[in-house]
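So the structure is just underneath, and the comments pick up after that.
For ligands, and for the atoms within them, numbers begin at 1 and follow the listed sequence.
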Amino acid sequence: MIKRLIIIFLLLKTVSGFCQPAPKPYGALPTKAQLNWHEMEMYCIIHFGVDTYTDKEWGFGDENPTILNPKKFNAAQIVGAAKAGGFKGVVIVAKHHDGLCLWPTKTTEHNISKTPWKNGKGDMLKEYQLACQKLGMQMGLYCSPWDRNSAFYGSKKYVDIYRAQLKELYSNYGKLFISWHDGANGGDGFYGGAREVRKIDRTTYYGWPETWAITRKMQPSVTIFGDVGPNVRWIGNEEGHAGETCWATYTPLAPDSGKVPANGYVKSWLGVEGTRNGKHWMPAECDVSLRPGWFYHKSQNVQVKTPYTLLDLYYKSVGRGADLDLGLSPNKDGLLAEEDVASLKKFGTILKETFAVNLAKNAKLTASNIRGKNSKAFGPQFLLDQNRYSYWATDDSVKMPELTLDLGSEKTFNIIRLRENIKLGQRIEAFAVDIWKEGNWQQIALATSIGANRLIRLPQNVSAQKVRLRITKSPVCIALSDFGLYKEPVHLSASIIRRDKNGMVSISTSISQILNINR
Ligand code: FUL
């Protein structure tokens with residue numbers, strides 16, 4: 001009898017553990033398309049067009065399309081270089097402010113069919129689409145709303161043309177992960193020969209809500225990027241970094257109170273941190289170019305960002321819950337220059353090596369609280385699996401739990417990674433990490449927002465057997481999905497691209513390697 005009662009009791013305990021409801025979601029939540037975007041973490045934006053040939057950044061709109069002839073254009077070379085860098089997709093600039101469409105559009109004569117490339121029979125976007133398919137990369141498109149070529153810019157007719165262009169883009173190039181729109185709106189331009197300044201009302205002219213409705217209808221799994229999202233926001237700078245605190249939630253505000261914010265008409269400096277408890281789930285994209293300009297300029301061949309700089313930007317963007325959007329600039333031949341390819345490759349290798357082994361993988365975990373009286377369904381073991389959405393949760397009343405990790409032996413690391421299960425919102429507001437050293441806990445890190453991803457790059461290597469995580473501020477119980485400790489393969493002190501006398505490019509990752517010093 002007693003035996004039976006014990007069995008029933010144990011059964012009930014297990015069942016009640018598993019039946020413990022999950023924590024209630026907190027605040028604004030991501031959509032499926034946004035989850036995909038978060039998981040990508042990094043993609044590239046590719047600028048190529050008449051500016052590549054005129055050495056400009058913003059074409060006036062009067063360029064003769066015959067200047068564009070990328071004889072060796074190879075989409076797979078460009079997309080492949082991005083892939084080697086660890087990027088998961090590419091956004092192709094289908095039309096920049098100069099108005100030349102890189103696909104054979106029916107909406108304007110000013111398009112790729114008027115160039116000598118492939119005798120006017122080519123479609124660059126199609127080639128990118130095929131390269132992406134072949135290489136398992138996602139594709140997005142940017143069609144500049146500002147068009148300095150169109151005679152109709154500023155009138156209702158242009159908005160119809162712009163929407164027709166988007167419809168072509170949404171119909172002919174497969175499933176897109178992002179539809180990218182910027183806030184450069186009006187100014188001087190060719191405008192079909194008028195050569196004048198045209199101003200538009202940024203809030204009303206484009207009718208963004210109606211345009212987004214087209215996007216959603218034709219590309220249901222896309223995210224829409226802009227200063228005001230609505231799915232992904234601009235970080236507010238083109239330097240590639242998010243704020244030290246960066247919330248995935250955001251309430252865009254117009255510069256003048258009482259007005260409606262729009263792309264190009266927003267307090268963009270608020271994007272860097274976002275809004276704690278903001279109205280929308282609208283995480284940040286950090287855009288920055290691999291070279292100083294977005295387009296290729298030969299004079300900038302020596303200014304390609306080094307793998308070390310890219311790594312720094314990675315920690316300041318992806319490491320703060322944002323995505324990194326790196327600008328790539330194919331040259332006049334239609335290829336990425338060797339310098340760019342080499343830097344991307346090295347960057348990708350360093351990332352792969354850094355995150356290959358989680359040094360906390362076999363740790364013994366002791367949590368101060370586990371939801372539902374130590375329910376297996378919410379245990380800290382989920383922190384160490386590969387699933388971004390399995391998680392350690394605490395009881396509703398426990399908002400400041402602690403977790404101790406015994407690594408089994410002393411391990412050396414310099415990167416700490418945390419992730420929340422963002423399907424339940426962004427919950428945690430602050431945390432600290434300690435190591436056990438000489439009989440005491442010593443704090444080694446202190447940070448705020450986590451969200452989809454938080455990386456802490458310690459100023460130096462740290463060695464310890466016992467590590468402790470303390471959640472120090474959260475309005476609700478936690479739902480943490482990941483805790484990792486990593487070590488960068490080489491402590492990079494510099495990274496230099498060199499060219500030998502035969503013109504071969506090589507990259508040295510540290511001064512000691514350049515000097516051939518054994519470490
Ligand atoms: C901006 C544009 O004005 C730049 O030329 C570039 O395309 C950048 C990515 O977006 O809004």
Side-chain angles (χ1 to χ4, degrees), residues 42-61 63 78 82 87 89-102 124-125 128 139-150 153 162 165-166 169 176-190 197-200 202 205-206 208 211 223-229 232-242 252 261-269 271-272 284-297 300 305 313 317 322-330 340:
M42 300 199 298
Y43 45 90
C44 293
I45 184 162
I46 301 175
H47 286 74
F48 174 84
V50 285
D51 297 349
T52 312
Y53 297 86
T54 56
D55 219 11
K56 284 190 186 160
E57 278 291 303
W58 282 10
F60 194 67
E63 296 78 13
I78 300 160
F87 295 83
V90 286
V91 181
I92 314 300
V93 181
K95 179 187 85 170
H96 202 248
H97 309 326
D98 57 76
L100 189 84
C101 297
L102 296 186
M124 287 210 154
L125 305 187
Y128 276 114
M139 181 161 140
L141 290 170
Y142 161 31
C143 186
S144 168
W146 182 27
D147 188 325
R148 301 173 97 185
N149 174 265
S150 176
Y153 186 79
Y162 182 60
Q165 292 178 343
L166 290 178
L169 297 177
L176 304 174
F177 80 93
I178 199 164
S179 184
W180 209 95
H181 308 274
D182 69 344
N185 295 316
D188 61 342
F190 176 65
V197 175
R198 292 193 182 169
K199 291 201 175 122
I200 48 108
R202 291 162 186 238
Y205 179 58
Y206 294 105
W208 283 117
T211 304
T223 55
I224 304 171
F225 167 91
D227 294 354
V228 290
V232 177
R233 72 175 190 266
W234 183 44
I235 195 72
N237 65 64
E238 288 187 343
E239 287 145 26
H241 57 80
N263 289 340
Y265 184 65
V266 69
K267 288 184 174 171
S268 56
W269 57 93
V272 78
E285 179 205 275
C286 300
D287 61 337
V288 61
S289 47
L290 180 57
R291 292 161 165 258
W294 294 102
F295 284 89
Y296 177 84
H297 308 287
Q300 296 180 349
K305 288 189 178 58
L313 292 177
S317 55
D323 271 15
L324 175 63
D325 181 4
L326 183 71
L328 301 184
S329 330
D340 309 47

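- Side-chain atoms of Tyr162 come within 3.5 Å of backbone atoms of Cys143 as a donor-acceptor pair (strictly under, hydrogens ignored).
- Given atom 3 (O) of ligand 1, the protein heavy atom at minimum distance is His97 NE2, 2.8 Å.
- Listed by number with element, the atoms of ligand 1 under 4.0 Å from a non-hydrogen atom of Glu238 are 1 (C), 8 (C), 10 (O).
- By the 4.0 Å N-to-carboxylate-O rule, Asp188 lies close enough to Arg148 to be salt-bridged with it.
- Considering backbone and side-chain atoms together, His96 places an N or O closer than 3.5 Å to an N or O of ligand 1.
- For ligand 1, none of its N or O atoms has an N or O atom of Trp294 under 3.5 Å away.
- At the top of the distance list for atom 11 (O) of ligand 1, counting protein heavy atoms only, stands Asp182 OD2, 2.6 Å.
- Counting only distance, with no hydrogens or angles, the side chain of Glu57 and the backbone of Gly293 share no donor-acceptor pair below 3.5 Å.
- For Trp146, the heavy-atom gap to ligand 1 stays at 4.0 angstrom or more.
- Only the side chain of Trp180 comes within 4.0 Å of ligand 1, counting heavy atoms alone; its backbone N, CA, C and O stay farther away.
- Of the protein's non-hydrogen atoms, His47 NE2, 2.7 Å is the one closest to atom 7 (O) of ligand 1.
- For Arg198 (side chain) and Tyr153 (main-chain N/O), a donor-acceptor pair under 3.5 Å exists by modelled atom type.
- Ring pair Trp208/His181: centre-to-centre distance below 6.0 Å.
- If you look at His47 and Tyr296, their ring centroids are not closer than 6.0 Å.
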